[in-house]
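A short write-up of the structure that comes next.
Start at 1 with the first residue, then count along the sequence.
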Amino acid sequence: MKTTNRRNFVKESLTLATGLLLANKSFADNIVGATVNSNFKFELAKLTYSFNDLEPVIDALTMQIHYERHYGAYVKNANEAISDENMSATDAKDLFSRISKYSA
């Protein structure tokens with residue numbers, strides 16, 4: 001079983017959140033950038049379809065759980081890690097260019 005330390009958790013959470021945001025066509029609309037001394041934050045990408053649009057292949061409840069709970073938790077945890085580490089960045093590129101400077 002793989003053990004996870006704080007550095008790996010932060011790195012994996014941010015990597016996953018970024019991958020999910022990059023998969024969305026409107027990536028720029030899903031990131032709230034701020035001034036240099038403000039904290040960068042991730043936001044849930046807005047779905048362009050409803051939870052039941054993929055039925056009968058994927059049911060609405062499964063879609064809702066994965067979007068709100070799983071994906072939502074990754075975004076929430078990434079933002080909490082950014083806040084806990086007092087990271088300041090203007091955008092995702094700025095954040096990831098300095099990610100190795102933060103504690104494990």
Side-chain angles (χ1 to χ4, degrees):
M1 175 186 242
K2 178 182 170 187
T3 59
T4 300
N5 61 27
R6 183 171 175 82
R7 176 179 289 261
N8 286 338
F9 172 76
V10 169
K11 191 165 119 180
E12 291 170 5
S13 294
L14 292 173
T15 300
L16 181 58
T18 300
L20 292 169
L21 290 172
L22 286 172
N24 187 322
K25 290 187 298 185
S26 58
F27 174 67
D29 296 336
N30 296 313
I31 296 176
V32 177
T35 61
V36 174
N37 292 324
S38 294
N39 286 336
F40 168 84
K41 292 191 180 221
F42 291 102
E43 289 185 355
L44 284 173
K46 305 293 184 239
L47 292 178
T48 57
Y49 51 87
S50 64
F51 294 135
N52 64 350
D53 281 354
L54 300 177
E55 288 183 342
V57 178
I58 302 174
D59 65 280
L61 182 58
T62 299
M63 285 297 298
Q64 184 176 5
I65 288 169
H66 281 81
Y67 177 77
E68 293 175 352
R69 294 185 191 171
H70 297 300
Y71 173 42
Y74 290 122
V75 172
K76 178 181 173 273
N77 290 339
N79 286 334
E80 285 177 359
I82 290 168
S83 176
D84 289 349
E85 288 290 318
N86 293 319
M87 297 178 189
S88 63
T90 56
D91 57 25
K93 184 176 181 178
D94 183 30
L95 177 71
F96 289 114
S97 70
R98 296 182 287 129
I99 198 74
S100 64
K101 294 179 183 178
Y102 296 102
S103 71

On a heavy-atom basis, which atom in F42 and which in I82 lie closest, and how many Å separate them? CE1-CD1, 4.0 Å

Reported OH-to-CG distance for the pair Y102 and L95, which is rounded to 0.5 angstrom: 7.0 Å

Please report the shortest heavy-atom distance between L44 and G72, naming the atom on each side. CD2-CA, 3.6 Å

Can you tell me which residue pairs pass the salt bridge (charged side-chain N to carboxylate O under 4.0 Å, His left out) test with a partner in residues 63-76, sequence neighbours excluded? K76-E80

If you round to the nearest 0.5 Å, how far is CD of Q64 from CG of N52? 10.5 Å

When you look at L47 and Y71, which way does the side-chain contact (heavy atoms from CB on, under 4.5 Å) test go after all the steps? CA-CA 12 Å; L47 292 178; Y71 173 42; over 6 Å; no

Identify whether M63 and I65 are in the same connected component of the hydrophobic contact network (ILVMFWY, side-chain heavy atoms under 4.5 Å). no

Listed once per pair and sorted, the salt bridge (charged side-chain N to carboxylate O under 4.0 Å, His left out) pairs that draw on residues 52-67, sequence neighbours left out: none

Scanning both residues in full, the closest heavy-atom pair of L54 with Y49 reads CD1-CE1, 4.3 Å

Under the criterion side-chain contact (heavy atoms from CB on, under 4.5 Å), I'd like the reasoning laid out for M87 against I99: C-alpha separation, chi angles, the key distance, then a yes or no. CA-CA 9 Å; M87 297 178 189; I99 198 74; 4.0 Å; yes

Heavy atoms of D91 and D94 approach each other most closely as OD1-N, 2.8 Å

Shared hydrophobic cluster for L61 and Y67 (ILVMFWY, side-chain gaps under 4.5 Å): no

